[in-house]
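In this text the structure is predicted, and so the values were computed from the model without any measurement. Note on naming: letters A, B, ... go to the chains in the order of the sequence lines (proteins, then strands), and numbering restarts at 1 for each one.
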2 protein chains.
Amino acid sequence: MSTSPEQDRETHRRATIADVARTAGVSPSTASVVFSGKAPVADATRDRVLAAAAELGYAGPDPRAASLRRGRSGIVAVVLEEHLRTAFRDPVKIAMMDGLTDALAALGAGVLLLRDESEATDDAPTIATAPVDAVVLIGCSGRMRTALDVVRARALPVVVIEGDAGDDVPRIELDNREAAAQIARHLRGLGHERVGIVTLPLSADRTRGDVTAERLATLTVEVTGERLAGTREVFPDARVVSAAGSFIDEGVIAGRTLLADPATRPTAVVAQSDLLAAGVIRAAEELGLRVPEDLSVAGFDGIRVDGLAGHVLTTAVQPAEEKGRAAGEAVARMLTGERGASIRFTCVFREGTTTASV
Amino acid sequence: MSTSPEQDRETHRRATIADVARTAGVSPSTASVVFSGKAPVADATRDRVLAAAAELGYAGPDPRAASLRRGRSGIVAVVLEEHLRTAFRDPVKIAMMDGLTDALAALGAGVLLLRDESEATDDAPTIATAPVDAVVLIGCSGRMRTALDVVRARALPVVVIEGDAGDDVPRIELDNREAAAQIARHLRGLGHERVGIVTLPLSADRTRGDVTAERLATLTVEVTGERLAGTREVFPDARVVSAAGSFIDEGVIAGRTLLADPATRPTAVVAQSDLLAAGVIRAAEELGLRVPEDLSVAGFDGIRVDGLAGHVLTTAVQPAEEKGRAAGEAVARMLTGERGASIRFTCVFREGTTTASV
DNA sequence: TTGTATGCGTTATCAT
DNA sequence: ATGATAACGCATACAA
């Protein structure tokens with residue numbers, strides 16, 4: 001064992017905690033404890049160990065080895081069903097991610113971003129090959145079979161936000177239908193009768209335009225369906241136009257469609273997201289309509305829309321960050337062995353300046 | 001035998017590849033190869049192994065153990081210096097992340113999202129404790145000392161995007177100064193002489209408002225400084241106002257400041273980001289100014305601004321996604337032992353409809 | 001408070 | 001094409 005410091009520095013083999021312990025003249029377990037802090041260590045001993053570590057250029061325990069030993073990697077996978085650029089253009093998702101990362105950070109875990117791969121590349125990282133302790137599925141619209149299968153097979157704790165993965169998977173839910181109905185009732189209370197609806201995508205294909213009965217049959221996105229059902233409780237015959245995503249520009253397109261014909265023009269538009277609502281407002285302004293005098297517009301989400309200064313959107317404020325946080329906490333609980341439970345959040349109606357009586 | 005809760009729940013410990021091998025009547029190495037595909041295996045043998053795996057509910061090699069053995073976790077850390085909600089409201093960063101995740105996916109690696117923690121919590125996941133193979137620092141403005149120190153100590157490959165981490169760290173750069181100067185020359189070519197500048201934050205404190213000489217001395221964000229220098233090559237005496245971030249609403253605020261006084265009102269405003277430019281346009285419209293007839297506005301980035309329909313921003317289009325991709329590829333190279341090299345990208349000037357002659 | 005001994009579950013040799 | 005063996009680097013139960 002004549003490994004001089006010189007050799008250690010020259011050879012490419014990195015120092016291990018055993019080397020440090022040897023150099024410090026203590027046992028490996030003592031050295032381990034110095035770094036993990038999981039047991040008291042005499043100051044003098046600690047100093048010797050730390051000095052040895054510094055001397056050897058030892059930067060602390062190898063996380064890979066520690067993971068194996070502990071059976072935990074400290075990493076939670078977040079599976080998105082979309083491309084990043086799509087997912088992260090949605091302020092609601094970002095807020096959720098924020099809450100989630102916060103909650104997980106408190107837990108000592110990091111977030112591994114994953115996409116529900118289409119098996120295209122064999123070498124892409126998947127839940128199957130990633131050292132994760134748990135999985136959070138976001139916007140899981142039934143298409144995430146691969147992800148779910150793997151998760152099941154590996155018996156990983158899993159939580160679903162904004163989606164349905166079967167009854168045995170705990171989910172973070174929202175009272176989408178009730179909140180949508182509340183908005184609709186607000187509008188009816190203001191005297192509106194001819195109302196237009198702008199929906200989020202109905203299904204993965206994200207078709208734009210009028211929603212016929214046939215198209216409605218293809219609806220697979222639960223959020224869209226629930227919010228639509230809520231609005232229709234009040235306005236069953238409203239004209240429905242779907243957007244290709246939750247973006248202002250999509251709202252503009254849908255808004256133009258709804259507002260094009262002055263004869264059939266609605267007096268109020270309910271959009272399924274604030275961004276869509278912002279777009280509808282812009283479309284209205286393009287046409288010279290004033291909001292809310294000529295057209296009432298309501299959204300959904302309660303996010304701060306960058307660039308909508310001047311208006312306060314009437315909307316259902318959802319606790320997006322809380323949802324993420326709840327997911328993180330659910331994961332934390334499951335990690336300690338408890339059973340995961342679904343949680344249902346409630347939106348808060350906010351009357352803004354974009355709706356008024358007819 | 002004491003009946004601990006854990007034993008009660010776990011009837012059997014999870015099957016390992018050794019169990020599978022035994023059940024299948026092959027050696028562990030053969031079983032391993034069946035799953036890794038790293039060597040030819042007779043069909044019959046493979047089938048036996050797979051059958052055994054299915055029988056035992058074995059879902060494939062434990063990634064933690066595989067990481068240790070291979071010395072690779074397949075995870076690359078991306079360190080942001082901001083809160084997610086802040087970082088991901090910037091379309092440029094999202095595009096970068098997209099390119100990065102793409103490049104890393106091709107490499108078989110996933111992205112672990114990390115924030116440059118303020119050491120607040122001891123159990124927060126840091127680069128020090130996360131099993132990562134490499135690190136990408138985004139928007140590293142000198143504040144990331146902790147991250148860098150750890151990275152150095154652990155000898156992890158590292159790349160910096162939009163920031164400076166010292167000469168020994170490869171970086172992905174942009175010709176910010178030249179591109180800004182080009183925009184400025186474009187405006188001067190159009191006859192503009194009184195020009196206003198809206199900058200990104202000067203430093204971490206994100207103060208808004210007029211930039212005095214003193215405040216300029218506090219500038220630490222390199223991107224801001226470079227772009228400002230470029231503009232000032234052409235308009236050394238321009239009034240400069242800083243924004244608190246790259247958001248439309250911030251642009252509105254800065255725009256109001258610059259445009260408030262009709263007597264000193266500039267004929268053109270150069271914003272250091274497209275979002276800021278969009279805000280300036282909105283501020284101008286608020287004041288009844290037409291763009292570009294009454295005011296020319298130029299941005300920077302070349303992103304698609306959601307909600308700016310109708311205008312095409314004059315801007316410097318930067319290859320954001322390419323930057324991310326390049327970072328991913330640089331990491332890939334370093335992972336194979338090559339030395340990382342800095343890469344400099346070039347912006348492309350785009351003349352839009354928001355600038356016109358005086 | 002410190003040391004001893006064991007395995008966590010794999011996979012890379014190398015031999016057969 | 002398959003098998004035996006030896007690490008990979010660490011953290012813990014338990015003993016001292």
Have a look at [X] and say if it touches a base, only the backbone sugar-phosphate, or nothing, with a 4.0 Å heavy-atom cut-off.
X	value
I17(A)	sugar-phosphate
V33(B)	nothing
Y58(A)	sugar-phosphate
T16(B)	sugar-phosphate
S36(A)	nothing

Whole angstrom is fine here: how far is it from [atom1] in [X] over to [atom2] in [N]?
X	N	atom1	atom2	result
R22(A)	dG3(C)	CZ	P	14 Å
D47(B)	dT2(D)	CG	C1'	16 Å
F35(B)	dA12(C)	CZ	C1'	18 Å
R70(B)	dT13(C)	CZ	C1'	15 Å
R72(A)	dG9(C)	CZ	P	14 Å
R64(B)	dA11(D)	CZ	C1'	15 Å
R154(A)	dG9(C)	CZ	P	12 Å
D62(B)	dC10(D)	CG	C1'	15 Å

Practice task
Would you indicate, yes or no, if dT2(D) has its OP1 or OP2 atom less than 4.0 angstrom from a side-chain nitrogen or oxygen of T45(B)?
Solution key: yes

Handout entry: OP1 or OP2 of dG3(D) under 4.0 Å from side-chain N/O of T30(B)
Key = yes

Exercise for the section: Counting heavy atoms from C-beta on, name the nucleotide in dT10(C), dT2(D), dG9(C) closest to the side chain of L68(B). Expected result: dG9(C)

Problem - Closest to side chain of A42(A), choosing from dT2(C), dA1(D), dA11(D) - result: dT2(C)

Got a salt bridge between [X] and [Y], using NZ or NE/NH1/NH2 to carboxylate O under 4.0 Å?
X	Y	result
D62(B)	R69(B)	no
K93(B)	E162(B)	no
D168(A)	R339(A)	no

Exercise for the section: Specify whether F88(B) and F88(A) have parallel, tilted or perpendicular ring planes, treating 30° as the upper limit for parallel and 60° as the lower limit for perpendicular. Expected result: parallel

Completion exercise
Judged by nearest nucleotide, the residue sitting upstream toward the 5' end of DNA chain D, P28(A) or A39(B), is A39(B)

Exercise for the section: Examine the base of dT5(D) for any acceptor or donor lying under 3.5 Å from a partner atom in the side chain of S29(B), and report the outcome as yes or no. Expected result: no

Handout entry: Distance-only donor-acceptor test, R69(B) side-chain atoms vs dT11(C) base atoms, 3.5 Å
Key = yes

Problem - Under 3.5 Å: donor-acceptor pair, side chain of R14(A), backbone of A155(B) - result: no

